[in-house]
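Nothing fancy with the numbering, it's 1 onward along the sequence.
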Amino acid sequence: MKTNRAVRTPGGLSVRLDVRALTVVVLLLLAALTASVVLIGTGDFPMSAADVLRTLVGEGDAGQEFIVTELRLPRVLVGLLVGASLGLGGALFQAISRNPLGSPDVLGLGQGATAGALTVIVLFSGTADQVAAGALVGGLVTGFAIYVLAWKRGVHGYRLVLVGIGVSAIVTAVNGYLLTKSDIVDAARAVVWMTGSLDGRDWAQVWPLLTLCVVLVPLVLANSRGLRMMEMGDDVSSALGVRVERVRLVLLVSAVLLTASATAAAGPVAFVALTSPQLARRLTRSPGPNLVASLCMGAALLVTADWVSQRAFGTDQLPVGVVTGVVGGVYLLWLLVTERRAGRI
């Protein structure tokens, strides 16, 4: 069975359609939406999926409306947006670095955002909004530092990963120093934030993330053709008319913004950016960055992990970052073993 089909539009354009990849994207969207409905119905006041759907279309009673729209829906939307942002950002970093380990977790962007948040918590005892702003600034500064240090007639794959690992080690040491200088209350608050959690998220976190995604996702997809051609090498891409450094800079900035904003909203949720592109590629069996599939995979993974964190351990609810950290750590070990056996590391 052929998975690639050529579709001709009424205007005479011919578009190649990857049927398997499209099917995977649709199934992942359905999985993310199904998990979201189940998650909205989960809690001290359980609701059936039918009740959740009726409430979402405005047919629930006053109590259900309050529980769904004010308490649970914002948390689920933040989870979807954070997962999608991390999945897309991870796919961009891995495609640009041409390395399956080239994710924000490894490159130090999460640690940079953590440094910004810790600075606000420890030195200024900032509010939640100020902590989020500090995390965003920290992630952007770290991304800029990595780009500048990795530049040498362009930014190339292994240099980007190696510089990112070095910057990550430095920023991790800074974070440890900040924790030692904090009092017990600020230290406890910082540790909770550093774990990654969706607890207490409301509409104030939804709108900035949604706005950023509405702007950046079309921008990334508009440059996806150049990104795919860059996998053949910079010289070949330039010969085919791709402005390599311009495309790389636009996509790197987009990836940093997506990752930093997701971290600012939910803390450094571990390994979603690393695993989502890899799982998406294995499902689609399609070459290239698989940007849309990675975005959908990230959203589905995070809301599913949030449900597991609330229901799998009885009355003890865990931060979602604990669940993604355990699953992602196992996946990372498996990936390292696989890459070593293949002779790539």
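Side chains of V141 and F144 form no contact here, defined as non-hydrogen atoms less than 4.5 Å apart. With a 4.5 Å cut-off on side-chain heavy atoms, V322 and S309 do not count as touching. S85 is not listed as a side-chain neighbour of T259, based on a closest heavy-atom distance of 4.5 Å or more. Side chains of L39 and R72 form no contact here, defined as non-hydrogen atoms less than 4.5 Å apart. Counting heavy atoms from C-beta on, the side chains of V68 and M47 come closer than 4.5 Å. You'll find the side chain of Q64 stays beyond 4.5 Å of the side chain of I67, heavy atoms only. Contact check for F93 versus V256: side-chain heavy atoms found under the 4.5 Å cut-off. The shortest side-chain heavy-atom distance between V82 and L302 falls under the 4.5 Å cut-off.
Counting only distance, with no hydrogens or angles, the side chain of S224 and the backbone of L221 share a donor-acceptor pair below 3.5 Å. Distance alone, capped at 3.5 Å, is enough to place a donor-acceptor pair between the S261 side chain and the L258 backbone. In terms of modelled atom types and a separation under 3.5 Å, the side chain of D183 and the main chain of D186 share a donor-acceptor contact. Formation of a donor-acceptor pair under 3.5 Å by the S182 side chain with backbone atoms of L179 is found in this model. Looking at Q94, its side chain does come within 3.5 Å of a backbone N or O of L274 through a donor-acceptor pair. Not one N or O on the side chain of N290 forms a donor-acceptor pair closer than 3.5 Å with the backbone of A280. For R201 (side chain) and S197 (main-chain N/O), a donor-acceptor pair under 3.5 Å exists by modelled atom type. Remark: side-chain polar atoms of Q278 are not paired, donor with acceptor, to backbone N or O of T275 under 3.5 angstrom.
Summarising the geometry of I40 relative to V76, their closest heavy-atom pair is CG1-CG2, 3.6 Å, with the distance given to 0.1 Å. Closest non-hydrogen pair, A113 versus W193, comes out as O-CH2, 4.0 Å. Here the closest non-hydrogen pair linking V131 and V120 is N-CG1, 3.9 Å. Pairing each heavy atom of R248 with each of I96, the nearest pair is CG-CG2, 3.9 Å. When all heavy atoms of V303 and G79 are compared, the pair lying nearest together is CG1-C, 4.1 Å. Across A35 and T304, no two heavy atoms sit closer than the pair CB-OG1, 3.9 Å.
Placement of V308 and L86 within a single hydrophobic cluster is found when ILVMFWY residues are connected by side-chain heavy-atom separations under 4.5 Å, directly or transitively. Residue I170 is not grouped with residue V122 when hydrophobic side chains (ILVMFWY) are merged at heavy-atom distances under 4.5 angstrom, including chains of intermediate members. The hydrophobic clustering, which links ILVMFWY residues whose side-chain heavy atoms are closer than 4.5 Å, places W307 and L33 apart. A continuous path of hydrophobic side-chain contacts links L107 to V220 [ILVMFWY only; heavy atoms under 4.5 Å]. In the hydrophobic clustering of ILVMFWY residues, with side-chain heavy atoms under 4.5 Å counting as a link, F271 and V326 come out apart.
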Go through the steps to decide whether S168 and Q111 satisfy the test side chain to side chain donor-acceptor pair (under 3.5 Å), and finish with yes or no. CA-CA 6 Å; S168 175; Q111 291 85 343; 3.2 Å; yes

Assess the residue pair V163 and Y147 against the criterion (side chain to side chain contact (heavy atoms under 4.5 Å, CB included)); give the C-alpha distance rounded to whole Å, side-chain angles, the decisive distance to 0.1 Å, and a yes or no. CA-CA 9 Å; V163 169; Y147 184 84; over 6 Å; no

S36/L80 under side chain to side chain contact (heavy atoms under 4.5 Å, CB included): CA gap, chis, key distance, verdict: CA-CA 8 Å; S36 298; L80 288 171; 3.5 Å; yes

Please determine whether side chain to side chain contact (heavy atoms under 4.5 Å, CB included) holds for the pair W334 and V337, giving the CA-CA distance in whole Å, both sets of side-chain angles, and the decisive distance to 0.1 Å. CA-CA 5 Å; W334 176 84; V337 171; 5.9 Å; no

After noting the C-alpha distance and the side-chain angles of S286 and R20, does the key distance pass the side chain to side chain contact (heavy atoms under 4.5 Å, CB included) rule? CA-CA 8 Å; S286 175; R20 182 185 178 92; over 6 Å; no

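Among the candidates N223, L291, L219, the single residue satisfying the side chain to side chain contact (heavy atoms under 4.5 Å, CB included) test with L251 is N223.
Here CZ of R54 is found 10.0 Å from CG of D61. Values are rounded to the nearest 0.5 Å. For the atom pair L160 CG and L252 CG, the distance stands at 6.5 Å (nearest 0.5 Å). Going from atom CG of L118 over to atom NZ of K181 covers 15.0 Å, rounded to the nearest 0.5 Å. The distance from the OG atom of S103 to the CG atom of L92 is 12.5 Å, given to the nearest 0.5 Å. Rounding to the nearest 0.5 angstrom, the gap separating the CG atom in L279 from the CG atom in L301 is 6.0 Å. With rounding to the nearest 0.5 angstrom, the CG atom of L123 is 6.0 Å from the CG atom of L178.
Residue I184 qualifies as open at atom CD1: its count of foreign heavy atoms under 6.0 Å is 12 or below. In this structure, W207 places its CH2 atom where only 12 or fewer heavy-atom neighbours from other residues, nucleotides or ligands lie under 6.0 Å away.
Under 4.0 Å is where a charged nitrogen must lie from a carboxylate oxygen, and between R75 and D202 no such pair does.
S48 and D51 share a donor-acceptor pair across their side chains, judged by distance under 3.5 Å alone. N175 and T114 share no donor-acceptor pair across their side chains, judged by distance under 3.5 Å alone.
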